[in-house]
Amino acid sequence: GFEHWHREERQDFKRMRYAVADTLTEAAAVVGGAQALQIIAAPLQELLACADAAAPSPSFDWRKVEAALYCVRSISKEPPPPD
């Protein structure tokens, strides 16, 4: 887990997250927030389908879901295009 990371590793991870958020924000400005959200949500829906509570998949990785949600969050602040 993250608790075993060195300080520099945590800082690198944080910087990378900010860089990803900036890239997604720029992409959303080009293709539109709704289209970007649709692109990001597709893998999230697949991941959540694997997380069936009745029969959880051993290959399910919560970190992938968290990463996808972070991506959604990073573009959620994008204003909608003007009408």
Side-chain angles (χ1 to χ4, degrees):
F2 302 117
E3 63 274 0
H4 300 294
W5 288 11
H6 296 289
R7 183 173 184 248
E8 187 175 314
E9 291 173 310
R10 287 192 306 269
Q11 289 174 338
D12 287 345
F13 180 77
K14 189 175 184 178
R15 279 192 294 270
M16 179 59 69
R17 281 242 165 155
Y18 288 143
V20 167
D22 289 345
T23 301
L24 289 172
T25 300
E26 291 172 12
V30 172
V31 301
Q35 180 68 23
L37 184 58
Q38 185 177 2
I39 292 167
I40 292 170
L44 180 60
Q45 290 170 340
E46 291 173 21
L47 288 166
L48 293 177
C50 294
D52 183 354
S57 169
S59 64
F60 178 77
D61 186 353
W62 67 267
R63 293 171 291 196
K64 292 179 182 178
V65 174
E66 190 277 333
L69 290 172
Y70 178 83
C71 292
V72 169
R73 181 179 165 263
S74 68
I75 66 164
S76 67
K77 298 173 186 172
E78 274 302 295
D83 291 334

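Excluded from the calculations below are hydrogen atoms, water molecules and symmetry mates; all remaining heavy atoms, backbone and side chain alike, are included.
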Listed by chain and number, what are the side-chain contact (heavy atoms from CB on, under 4.5 Å) partners of [X], not counting sequence neighbours?
| X | result |
| --- | --- |
| L37 | V72, I75 |
| Q11 | R7, R15 |
| V65 | L44, L47, L48, F60, L69 |
| Y18 | K14, Y70 |

For C71 against S74, the heavy-atom pair lying closest together: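 Shortest heavy-atom contact: O-OG, 2.8 Å.
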
E9 to H4 - nearest heavy-atom pair and separation: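 It is OE1-O, 4.5 Å.
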
Answer with yes or no whether the hydrophobic clustering places M16 together with I40; edges join I, L, V, M, F, W, Y residues whose side-chain heavy atoms lie under 4.5 Å apart.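 In one cluster with M16: I40, yes.
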
Excluding sequence neighbours, so at least two apart, what forms salt bridge (charged side-chain N to carboxylate O under 4.0 Å, His left out) with R73?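 Applying salt bridge (charged side-chain N to carboxylate O under 4.0 Å, His left out) to R73 gives none.
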
